Amino acid sequence: MNIDFTNVDLTGLDSYKDKSLDAFKTLIEKTGEGSDFLGWIDRPVDLDMQEYERIKKASKKIQTNSDVLVTIGIGGSYLGTKAIDYAMAGYFRRENGTQLVYAGHQLSGEYLYDLLDFLKEKEFSVNVISKSGTTTEPAIAFRFLKEMAEEKYGKEEAKNRIFVTTDRQKGALKDLATKEGYETFVVPDDIGGRFSVISAVGLLPLCVAGVDIDKFVDGFKNGRKKYTINSFEENDAIKYAAIRNMLYENGKDIEVLVNYEPKLKYISEWWKQLFAESEGKDGKGLFPVSVNNTTDLHSLGQMIQDGKRNIFETVLKVQKPDKDITIKEDSDNLDGLNYLAGRDLSYVNEKAMEGTILAHIKGNVPNILLTIDDVSEESLGELLYFFEVVVGVSGYMLGVNPFNQPGVEEYKTQMFKLLGKPGY
Ligand SMILES: O=P(O)(O)OC[C@H]1O[C@H](O)[C@H](O)[C@@H](O)[C@@H]1O
């Protein structure tokens, strides 16, 4: 992984250096606000190996008896899994592993209706994931899925097909799992939802989906090696956090994460939760937005090039695509594309990216280029860990607690009042 800041005017960065190093120290030494939620820093080298083996065992069982794993969860109990599954599964055909279908990540009755209908002719298992065990969206979805599993397989066999990932001790879901006798996996106390893909939250469904979780964990380990170094020059996570904060203080309120490989779409969705919930508080924070190019160059591109100048971009480039295709010569050349004959499509895509970066710099959009070697478990694990360190340092620089999300409660309170939930 490599990060290039040459397309950002770094004048004035020196004055952010000490602040970023202080923030990094606060993070690593666990002396800041939210320090109870820093278990993710060392987790890559400190996994519960007994649980890890259970994850692999349960995955094998699910792969053997199910066409589909219904993965129920929202926020941090959804996005990390979705991001990696979506990146690794192949565009049209899954090359290995069992299909994941998602539930409990919104409240659409139509979605759930269609899902239950789809499952009628499938063999399925269920992994319900909720750290708190009380989140409304997954709780509702699970009520339906549990009923369907029990109807289809009978109560006893349903127990073999329902897996619960939640708090070690508390919460409605934990109580339910204990009462029903479901196999449970743990969301560690010291890891917040949006940092939890490295726990059973992500590892169980990803293993079922055919993702090599050993390699994914290795990627996290590589990230930990590189991005916990206490050096502004050698640790790009610290430098990136400093540059984001400098840009923010210079009036850039929006960070756009850009990709040119559609399979990275949900990496951006995961990134949005990570940064929005970590930084967006106390009236502060960069607004995280994402675009999928070149698709969005034909829509949001106009705004980025020419709208209010309060944007900077971080472009995610993949060095080596997994597969490629070459444009052929056409004797008629009616489409006028023969000038591209012999070129790989990845070359055309790369020139689109380079051209867009040039255009956006011209339009006063600072550009950061983050290159990952490939879309593999290892590269993605390292990338996720990198962003986690960046957000920790960046949040502390901003003067907020990066590890809580009090603002999320407000909609819930209003919704519960409207729904007549007892106690509201
Ligand atoms: O895993 P859960 O406890 O169900 O939480 C799921 C999600 O919902 C909450 O409202 C938080 O804002 C998220 O940070 C969290 O990831």
Side-chain angles (χ1 to χ4, degrees), residues 33-34 36-40 43 70-85 100 102-107 112 126-146 162-177 182 184-206 266-282 285 287-288 384 387-388 391-392 395 400-417 419 421 424:
E33 275 191 289
D36 288 350
F37 293 98
L38 294 177
W40 56 270
R43 196 56 42 130
V70 186
T71 309
I72 304 177
I74 197 166
S77 296
Y78 158 61
L79 285 163
T81 303
K82 178 76 187 182
I84 302 301
D85 176 37
L100 303 187
Y102 296 87
H105 56 306
Q106 25 71 3
L107 285 167
L112 206 49
V126 177
N127 181 201
V128 54
I129 308 165
S130 175
K131 180 171 157 80
S132 62
T134 53
T135 308
T136 310
E137 290 90 337
I140 291 176
F142 184 53
R143 188 181 267 219
F144 284 95
L145 267 309
K146 177 177 181 289
I162 294 176
F163 300 85
V164 174
T165 308
T166 190
D167 188 90
R168 192 183 300 277
Q169 284 163 351
K170 54 182 194 300
L173 192 54
K174 177 68 194 173
D175 296 344
L176 197 149
Y182 300 141
T184 58
F185 296 89
V186 172
V187 192
D189 282 344
D190 58 354
I191 300 186
R194 56 190 175 275
F195 295 83
S196 68
V197 66
I198 187 68
S199 72
V201 170
L203 297 178
L204 175 59
L206 288 173
Y266 281 92
I267 296 286
S268 300
E269 298 302 320
W270 170 88
W271 172 89
K272 281 189 222 170
Q273 187 206 6
L274 184 72
F275 280 81
E277 287 196 343
S278 302
E279 294 199 304
K281 53 198 72 158
D282 307 339
F287 195 94
L384 266 45
F387 279 135
E388 290 175 1
V391 88
V400 300
N401 173 358
F403 304 106
N404 65 4
Q405 57 286 333
V408 181
E409 295 312 310
E410 190 54 34
Y411 99 87
K412 295 181 187 170
T413 308
Q414 299 295 343
M415 173 181 76
F416 290 145
K417 265 189 208 161
L419 288 170
K421 182 174 177 175
Y424 281 82

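As a basis for the values below, the full set of heavy atoms in this structure was taken, side chains included, without hydrogen atoms, waters or symmetry mates. Computed from a predicted model, the values in this text were never measured in an experiment. Ligands are counted one by one from 1 in listed order, and the atoms in each one are counted from 1 as well.
Distances from atom 16 (O) of ligand 1 to the heavy atoms of G407, G76, A276, G193 put G76 nearest. Distances from atom 4 (O) of ligand 1 to the heavy atoms of V201, V187, T135 put T135 nearest.
Annotation: side chain of P205 is not in contact with side chain of F163 (no heavy-atom distance under 4.5 Å). Two residues are said to be in side-chain contact when any heavy atoms from C-beta on lie closer than 4.5 Å; K146 and L176 meet this criterion. Considering only heavy atoms from C-beta on, V391 comes within 4.5 Å of F195 through its side chain. With contacts defined as side-chain heavy-atom distances shorter than 4.5 Å, the pair T184/K174 qualifies.
The nearest heavy-atom contact from the protein to atom 6 (C) of ligand 1 is I74 O, 3.2 Å. Looking only at heavy atoms of the protein, atom 12 (O) of ligand 1 is closest to E277 OE2, 2.7 Å.
Close approach to Q273 involves these atoms of ligand 1, each under 4.0 Å from a residue heavy atom: 13 (C), 14 (O), 16 (O). Those atoms of ligand 1 with a heavy atom of S132 less than 4.0 angstrom away are 2 (P), 3 (O), 4 (O). Residue-ligand proximity, G75 to ligand 1, at heavy-atom distances under 4.0 Å covers atoms 16 (O).
Here's the thing with R194: none of its N/O atoms is less than 3.5 angstrom from an N/O atom of ligand 1. Considering backbone and side-chain N/O of Q405, none are found under 3.5 Å from N/O of ligand 1. Considering backbone and side-chain atoms alike, S130 places an N or O below 3.5 Å from some N or O of ligand 1. In terms of polar-atom proximity, defined here as any N/O pair under 3.5 Å, I129 makes no such contact with ligand 1.
At distances below 3.5 Å, not a single donor-acceptor pair connects side-chain atoms of K131 with backbone N or O atoms of V201. Here the side chain of E269 pairs no donor or acceptor atom with the backbone of L79 at under 3.5 angstrom. A donor-acceptor pair is defined here as one N or O able to donate and one able to accept, closer than 3.5 Å; no such pair exists between the side chain of T71 and the backbone of Y102. Judged purely by atom type and a 3.5 angstrom limit, K281 uses its side chain to pair as donor or acceptor with the backbone of N401.
In V408, the part holding a heavy atom less than 4.0 Å from any atom of ligand 1 is the side chain.
Ring centers of F403 and F37: at least 6.0 Å apart, outside the cut-off.
Between K412 and ligand 1 there is a heavy-atom distance shorter than 4.0 Å.
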